[in-house]
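First the structure, in the form of structure tokens, and then the observations on it.
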Amino acid sequence: MRQIHSSAWLLVLLSAILQIIIFPLPSVYILSWFALTPLIFGLLRARPAGELEIAGSVRLRPATPAQGFLLGYACGILWYAGTCYWIYDTMRQYGGLSAPEALLALFLFSCYLGLYHGLFGLLVSLLAGSGRDFRRPLVMTPFLWVAVELARTRITGFPWNLLGIAQVDNLALCRIAASTGVYGISFEIALVNVALAAAFLVPREKRGAMLAAALAAAAVLQAGRLVDAPPAKADHAALLVQQNVPVSAEWTPPYLQQTLNELTELTVKTVAASPMKIDLVVWPESPAPFFTNDPRFREAVGTMARETKTWTVVGSIGTSLTAGIASPTSPIFNSAAWISPTGEWIARYDKIHLVPFGEYLPFPTLFSFAGGLTKEVGEFQRGTTRSPLDGGGQRLGVFICYESIFPDEVRQFADQGAQVFVNISNDGWYGDSGAYAQHLNQTRMRAIEDNRWLLSATDTGVTAAIDPWGRVVARLPRKQRTTLIAPYALTSVTTFYTRHGDWFAYACAIISIGALLTRFPFFKNRKKG
């Protein structure tokens, strides 16, 4: 097997850097139209072909499948390490790991999820074969990219920063998400990247025209960011309480009671002073040990709901008991409790999609080396239903923390009748890294896909009201204990994506599989026979 040409490695590095900076905090979103181009070009021009050396110049051929995987894998490792760098600080500060162990955790994480970029490189190389006709791999690349994104979502369960998220502020372009989900935007971005790569693969006499056409397409699609939609009408108001509770606080009984008193007092005073009627109060997911079976917590929140005469959502630790203290063997849940204006605890949503290494430890035997981490990991159980919380003439689709990055899971709340989305989260674990902003952008995309107002209540920020266009219409500064009167409206309209989910991504996967099958001689021979 011939060695990979050095230029291919440089292209992989360039592509990884571009893919990193199109997401927050750099957020150079316009470069999303060029971010995949170096990787695609590098895969199709990866190895020297000695027999094609002419006058000292070297003609390059596509990567072999093994080379394609290696190039894509290197790109994926770099991209995850550069985009999810915050994992190091989280594991270091809150996971109980030493600096070398936290660095190893980030490296292993990047090596694991980087496999998907490797898969993409492998598939492109398989379709390219050893010839110089690049039409098949170029045409199929957008389908392959979306198929791999679907695999990231469904198999590994970590679809962090899907490519289409980079264009969440592009209101005109993002309207397609109401039909295809974020995957449709990823497809369009990949398509433009393919067109740019193709411009450098055609003969020189055609290059100028193709390059101009590709750049024009990128400009037209990017111009959608200049289009603004009319203001979304809001006829309800929610009070979102940003608790700003320290993640690493020492929870003594007096401190817990003081915190609870301060939060209930802040809520009651703000509702009383509000110039408009408050229809909903939301407390976020919190690092405070607010157990739903703790009589003090239940009484404080129930009294608060009665005094404000408002339906209330409170992030809490759910237990199977309604009073008393749970035993060490009692199952616990990451929950959102639903309290009526009379102070009754009506219902509860228990988080279904838990965070690995945060809320449960996968393969505990395998990770036994990380003793500090295993002590810090929660032992939460999974919830079983995504039914909306119903009361006060409104149905809330409540999801917790990083559940907001799963398009198909969030849309199920709307499909079951949720009229407004509520995401409660504790983004304090991310510190001052770009993760909180990355999370916000992914949450905004869920509002676009399902045409719903979305209330994002977080412990340290960003706490915000998001309209059905994905625009942040009101927000709080981070790291302050304060409240936000957030406008919202109720809707029962369902989008095509709400009804049919990831149909587009699955169609891309099926088309990709079909293209790969027709690539192999065995399949062709069977077809002829």
Side-chain angles (χ1 to χ4, degrees), residues 86 89-90 93-94 237-276 278-292 294 296-308 310-317 334-337 339 398 400-401 404 422-437 439-440 443 454-466 472-488:
W86 42 266
D89 286 331
T90 300
Q93 295 184 40
Y94 309 117
L239 183 73
L240 309 183
V241 180
Q242 186 168 280
Q243 297 177 352
N244 199 36
V245 173
V247 172
S248 56
E250 294 291 335
W251 290 103
T252 62
Y255 181 60
L256 178 61
Q257 188 62 53
Q258 176 189 343
T259 301
L260 188 56
N261 291 343
E262 290 176 356
L263 292 174
T264 53
E265 182 180 358
L266 174 64
T267 304
V268 171
K269 284 186 175 180
T270 308
V271 172
S274 172
M276 61 186 70
I278 301 298
D279 302 284
L280 177 68
V281 168
V282 182
W283 281 16
E285 179 190 33
S286 171
F290 292 150
F291 284 83
T292 58
D294 184 341
R296 294 169 299 177
F297 178 59
R298 294 176 67 89
E299 177 59 27
V301 173
T303 300
M304 180 186 74
R306 286 192 295 272
E307 291 182 2
T308 59
T310 307
W311 286 89
T312 303
V313 174
V314 177
S316 52
I317 301 173
N334 189 347
S335 302
I339 299 98
V398 180
I400 300 176
C401 195
S404 65
V422 177
N423 180 227
I424 62 172
S425 181
N426 175 17
D427 285 357
W429 297 102
Y430 302 141
D432 292 321
S433 70
Y436 76 87
H439 188 201
L440 175 65
T443 303
L454 195 154
L455 305 174
S456 175
T458 68
D459 178 45
T460 58
V462 175
T463 296
I466 301 165
V472 176
V473 298
R475 65 181 291 172
L476 291 175
R478 297 181 66 239
K479 295 187 174 182
Q480 294 184 19
R481 177 170 291 178
T482 185
T483 59
L484 174 69
I485 297 179
Y488 73 99

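Source: prediction; values computed, not measured.
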Could you check whether any side-chain N or O of [X] sits under 3.5 Å from a backbone N or O of [Y], counting only pairs where one atom can act as donor and the other as acceptor?
{"X": "Thr308", "Y": "Val268", "result": "no"}
{"X": "Thr90", "Y": "Trp429", "result": "yes"}
{"X": "Arg481", "Y": "Val245", "result": "no"}
{"X": "Gln242", "Y": "Pro477", "result": "yes"}
{"X": "His439", "Y": "Val462", "result": "no"}

[X] versus [Y], closest heavy-atom pair with distance:
{"X": "Leu484", "Y": "Thr463", "result": "CD2-O, 3.9 Å"}
{"X": "Asn244", "Y": "Thr460", "result": "OD1-CG2, 3.8 Å"}
{"X": "Ile339", "Y": "Ala305", "result": "CG2-CB, 3.7 Å"}
{"X": "Thr267", "Y": "Leu263", "result": "OG1-O, 2.8 Å"}
{"X": "Ile424", "Y": "Glu285", "result": "CB-N, 3.6 Å"}
{"X": "Ala300", "Y": "Thr264", "result": "O-CG2, 4.0 Å"}

Pairing residues for [X] by the side chain to side chain contact (heavy atoms under 4.5 Å, CB included) criterion, not counting sequence neighbours:
{"X": "Asp432", "value": "Arg478, Lys479"}
{"X": "Ala238", "value": "Leu240, Leu280, Leu455, Tyr488"}
{"X": "Arg306", "value": "Glu299, Thr303"}

Hits for ring-ring contact (aromatic ring centres under 6.0 Å, His included) against Trp283, two or more places apart or cross-chain, chain-then-number order -> none
Applying ring-ring contact (aromatic ring centres under 6.0 Å, His included), can you list everything that pairs with Trp86, at least two apart in sequence or on another chain?
Trp160, Tyr430
Please round to the nearest 0.5 Å and tell me the distance separating atom [atom1] of [X] and atom [atom2] of [Y].
{"X": "Leu476", "Y": "Thr458", "atom1": "CG", "atom2": "OG1", "answer": "8.0 Å"}
{"X": "Met276", "Y": "Ile485", "atom1": "CE", "atom2": "CD1", "answer": "5.5 Å"}
{"X": "Leu266", "Y": "Thr482", "atom1": "CG", "atom2": "OG1", "answer": "6.5 Å"}
{"X": "Thr310", "Y": "Asp279", "atom1": "OG1", "atom2": "CG", "answer": "8.0 Å"}
{"X": "Cys401", "Y": "Asn423", "atom1": "SG", "atom2": "CG", "answer": "7.5 Å"}
{"X": "Arg296", "Y": "Phe290", "atom1": "CZ", "atom2": "CZ", "answer": "10.5 Å"}

Residue pair [X] / [Y], side-chain heavy-atom distance below 4.5 Å:
{"X": "Thr270", "Y": "Val241", "value": "no"}
{"X": "Pro487", "Y": "Val473", "value": "yes"}
{"X": "Leu239", "Y": "Ser274", "value": "no"}

Going by distance alone, is a donor N or O of one side chain under 3.5 Å from an acceptor N or O of the other, for Ser425 and Asp427?
yes
Counting heavy atoms not belonging to Arg475, are there more than 12 under 6.0 Å from its CZ?
no
Show every donor-acceptor pair shorter than 3.5 Å between a side-chain atom in residues 247-254 and any protein atom, with sequence neighbours excluded, or say none if there are none.
residue: Thr252; atom: OG1; partner: Tyr255; partner atom: N; Å: 3.3

